[in-house]
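Inspection log for the structure reproduced underneath, given as structure tokens.
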Amino acid sequence: MPTYCEVALPLPLDRTFTYLVGAGAVPRRGARVIVPFRNEKLVGVVMELHAKAPTEFEAKPVETVLDEEPLLSDQLLELAVWMAQYYLAPLGEVLRGMLPLTAEVRRTVYYRITDAGRDALAGSFDGGREQGRRNRVSAEEQDVERKVLVRLAEGEAVKLSTLRTATAADLPLLTAMIRKKWIVRENSATERDARRMERFAVLVPEARLPALTAKQQAILAELAACCGELPLTALRDKGTSASSLQTLVRRGLVRIEERPAGFTMSGLGHVKPTHALNEPQMEALASITTAEGFQPFLLHGVTGSGKTAVYLAAMQRVLDRGMGAILLVPEIGLTPAAAAQLDATFGSKVALLHSALTPAERSEQWHRIRRGDAPIVVGTRSAVFAPVENLGLILVDEEHDQSYKQEETPRYNARDVAVMRAKLAGAPVVLGSATPSLESWQNSEAGKYKRLAMAKRVSNRPLPGVELVDMRMEFQQTGKEQLFSRLLVTETQAALDRGEQAMILLNRRGYSFVAMCRACGEKLECVNCAISLTHHKPVSSADAIASAGQRLECHYCGYQRKVPKNCPKCDSEHLYYLGAGSQQGEERLQEMFPTARIGRMDRDTVRGRHDMERLLSRLHSGEINLLVGTQMIAKGHDVHGVTLVGVVGCDHALSMPDFRAAERVFQLMTQVSGRAGRGDLKGRVVVQTYHPDHYAILAASAHDYAGFVARELKYRRWMHYPPFEVLANLLVQSKRMEEVAGWSAELGKWFQKTAPEGVRVLGPCTAPIARIKEVYRFHLILKASSRKALNAALRGVLEHAEKAGIPRRNLVVDVDALRLM
């Protein structure tokens, strides 16, 4: 019988930890356990069981075994180990991302007094306030500190909520007391029941009715009209009295029952009608469904070619064989539409996984999948870890999308993880897109992926015609800077007059994205980030047009401030705003088209889980006939009434310091153009640009993916960038500028000294955005001819960083980085 286990903990440490297995339940590999770690109780995953006792320390015992059966299969554990090695991420953090079960563990923060704290309580607060170490603390803060120490000195550790209620202490003050070593913080983790329950009021049959008030009679009438039962939330929505309901319960006329809460896949009522597959669709489907074992496919289909229909048919074939399938979509915004289609096709066999679900809902969906109740899974990038048994197919829709890359540890790309998971499961994987990433395209050129082509739209509908408007000439001819060109205004009015719908892409949030002083040129920047603040106008309601207001906001850290009357630097009153965002676009369109029914789709209007569903429902029903928004409007929406698409300011990204800038502009232009003409009416696209001769703009306007790829790959080969070489971004971070500069210089010297074979190093230098959330940022970009050389160089520099005393938490390793800002 094993007496020890190796546990992977969610810590920035590249190792597992040995714990003693107690006399109770023995954990199994892949199960969760609660273990002590310093002053905390952490949830970890058992990776190995053995009988070898550690020689350098005494192993602490496992406190709680959460799972009788392993939650993670050997296949998923193997995938986690691969991810940890490939992305150089701590194994425990990889496993934490795989298990969205935080609702099943109750975490509590406690505080305990230390000996130094007792000494401070005995000395510093008895006439000792003049001590130099406390001179910077106000009298009010000293009083709160004393209250905290007095409360903790009573004995046992105290919960954070209890301590704050009793002493009025805030978190910064408690953090300062921890730094003084007066108190310590302890985290506790305990198991909890995460099942979602809903309370119902149920009418008791054949009960004698005593004299009742009007409110009580109204409740009984409501229940009788609804088959004798209603959720308490529905009763509250109807304005019923809680006290009247309690009286009915006491009298035995109504009883309260708890039942498992229901789950709605999607509130989006519109589902595309299914059509018989055409010849290219049938050929693609045949290739996918006849594949034996692991086989990666690149499904290159133009916008509107019916890729989704192929996905649904392939999943049905897999389900008929008694196997499961996973469909990944890049954005939560696409999930409602995909879920509605899958729900209509497969019913209760579908599960949904994305970050907008509550922790309890995610836990519920995860367990449905694991039990086999839902063999079909749809979700965003984390759905690639869904515990589908007997996995038969993985589909990655819009595989080029950057949203598949996670921007926090572990920094994985769900597209690449999907390919590896399919390999481990011996199943086919399909990467679908109208604008495949150059990495996937090159893999298909090299024969690693089998390419499937769908070059025409369904029903032979034509691709929309694209017309470029040179905004330089527009300015010369009109003599003024206009947000919308004359052609776009004319075409929009014509589409609205014909009763059709139009979309306008304005890929910036807010009203104006730079606030600047005319006198001294000072930009109003975030106090926490090296980035300009964006001007937002407040709205009085969800459907209101922006009205006058004064708010500046940072889109990186959320910092907000009011627009100052005068420049903070020179006190000039001449502040003005540059650039236009989607909020200003909505306001201008309302002025130009006062009778239009205008909607806006961006992160300011789509905040909650159901906001996107409501907006898309209004668009499908025709309630909205003119939609303006950021790149969210380009993400796969299929609205047959849209005949015109306007593209405004898309080409500003060409000036970004990023070698993928041209690829992103081409993809965005092509994707948003594909929203036009998806029904029976022909579509048209108007693109406003200051770079009408750029090859990405010209190729997108001609729907010429092959031409763009040929030219872009030539540049990538010359400059040794992916897909011809592999790349990683090594980010060095600290709240102290001198510290981050010294650390990055130390790492740069190591690279100069060791000169890893086959690896090019750019930097170190400040990152394009030098400070985010009060953290200064330097980076080094590594390019290598092989994965092996890149991995060896990164592991070598991390080992050197540890020896040099550079904390691992201050280093971010981003393998296959998509954002270099």
Side-chain angles (χ1 to χ4, degrees), residues 172 471-472 475 479-484 506-539 546-588 602-604 630-631 648-658 661 688 690-691 731-742 744 763-779 819-821:
M471 294 304 288
R472 300 169 301 180
F475 176 76
K480 54 184 177 180
E481 193 76 33
Q482 295 281 12
L483 179 57
F484 301 117
L506 217 171
N507 200 24
R508 288 275 196 168
R509 275 177 60 199
Y511 195 83
S512 301
F513 47 82
V514 176
M516 181 179 286
C517 175
R518 285 183 181 270
C520 69
E522 179 76 3
K523 289 191 299 183
L524 297 183
E525 290 196 343
C526 175
V527 297
N528 305 316
C529 311
I531 201 76
S532 296
L533 292 170
T534 300
H535 180 216
H536 286 258
K537 282 191 174 183
V539 291
S547 57
Q550 307 246 340
R551 178 169 65 95
L552 296 171
E553 181 179 336
C554 174
H555 291 167
Y556 282 84
C557 71
Y559 167 78
Q560 295 183 8
R561 63 165 294 178
K562 291 184 178 180
V563 176
K565 292 183 179 179
N566 300 318
C567 172
K569 184 177 181 181
C570 71
D571 204 37
S572 169
E573 61 183 12
H574 300 294
L575 293 174
Y576 76 114
Y577 304 99
L578 292 173
S582 55
Q583 196 177 29
Q584 185 176 156
E586 179 190 25
E587 187 176 271
R588 298 281 182 87
D602 57 27
R603 293 298 177 197
D604 297 315
T630 58
Q631 61 183 349
V648 178
C650 172
D651 55 357
H652 78 273
L654 292 173
S655 60
M656 300 292 281
D658 190 341
Q688 298 181 184
Y690 286 93
H691 305 280
L731 191 65
V732 189
Q733 304 181 118
S734 174
K735 288 196 172 186
R736 296 173 54 199
M737 178 65 174
E738 62 274 14
E739 199 169 52
V740 69
S744 57
C765 64
T766 55
I769 302 178
R771 181 167 50 93
I772 294 178
K773 297 180 181 179
E774 299 184 334
V775 175
Y776 293 95
R777 310 164 75 243
F778 276 58
H779 71 160
R819 292 182 175 90
L820 302 176
M821 299 298 289

In this structure, SG of C529 is separated from NE2 of H555 (nearest 0.5 Å) by 11.5 Å
Partners passing side-chain contact (heavy atoms from CB on, under 4.5 Å) against Y690 (at least two apart in sequence or in another chain) | M471, R472, E481, D651
Do the ring planes of Y577 and H535 sit parallel (below 30°), tilted (30 to 60°) or perpendicular (above 60°)?
-> parallel
If you round to the nearest 0.5 Å, how far is CE of M516 from NE2 of H574?
-> 15.5 Å
Exercise: identify the closest heavy-atom pair between A580 and L506 = O-CD2, 3.2 Å
Summary of salt bridge (Lys or Arg N to Asp or Glu O under 4.0 Å) pairs that have at least one residue in residues 508-520, sequence neighbours excluded = R509-E553, R509-D604
Counting N and O atoms only, with roles assigned by atom type, does the side chain of N507 sit under 3.5 Å from a partner on the main chain of Q631, one being a donor and the other an acceptor?
-> yes
Of all heavy-atom pairs between V740 and V732, which one has the smallest distance, and what is that distance?
-> CG2-O, 3.1 Å
Could you tell me whether the side chain of E587 reaches within less than 4.5 Å of the side chain of Y511, counting heavy atoms only?
-> yes
For A741, all residues meeting side-chain contact (heavy atoms from CB on, under 4.5 Å), sequence neighbours excluded = F778
Decide yes or no on side chain to side chain contact (heavy atoms under 4.5 Å, CB included) for K537 and Q584, but give the supporting numbers first.
-> CA-CA 9 Å; K537 282 191 174 183; Q584 185 176 156; over 6 Å; no
Within 6.0 Å of CE in M656, more than 12 heavy atoms from elsewhere | no
Under the side-chain contact (heavy atoms from CB on, under 4.5 Å) test, which residues partner K565, sequence neighbours left out?
-> none
Which pair of heavy atoms, one from L483 and one from G585, lies closest together, and at what distance?
-> CD2-CA, 4.0 Å
Between SG on residue C517 and CD on residue E573, distance to nearest 0.5 Å = 10.0 Å
Interatomic distance, K523 atom NZ to S532 atom OG [nearest 0.5 angstrom] | 3.5 Å
Side chain to side chain contact (heavy atoms under 4.5 Å, CB included) evaluation trace for L552 with L524 | CA-CA 9 Å; L552 296 171; L524 297 183; 3.6 Å; yes
Could you walk me through whether Y776 and E739 pass side chain to side chain contact (heavy atoms under 4.5 Å, CB included), step by step?
-> CA-CA 9 Å; Y776 293 95; E739 199 169 52; over 6 Å; no
Closest contact, heavy atoms only, L533 versus C554 = CD2-N, 3.6 Å
Listed by chain and number, what are the ring-ring contact (aromatic ring centres under 6.0 Å, His included) partners of H691, not counting sequence neighbours?
-> none
Could you walk me through whether C520 and S572 pass the side chain to side chain contact (heavy atoms under 4.5 Å, CB included) check?
-> CA-CA 8 Å; C520 69; S572 169; over 6 Å; no
So, does Q688 use its side chain to make a donor-acceptor pair with the main chain of F484 at under 3.5 Å?
-> no
What closest approach, in Å, do H536 and G510 show between heavy atoms, and which atom pair accounts for it?
-> CE1-CA, 3.5 Å
Using atom types as modelled and distance alone, determine if a side-chain donor or acceptor of S512 lies under 3.5 Å from a backbone N or O of V514.
-> no
Exercise answer: donor-acceptor pairs, residues 765-774 side-chain atoms, under 3.5 Å, sequence neighbours excluded:
from: R771; atom 1: NH1; to: V527; atom 2: O; distance (Å): 2.9
from: R771; atom 1: NH1; to: N528; atom 2: O; distance (Å): 3.1

Using atom types as modelled and distance alone, determine if a side-chain donor or acceptor of R777 lies under 3.5 Å from a backbone N or O of S734.
-> no
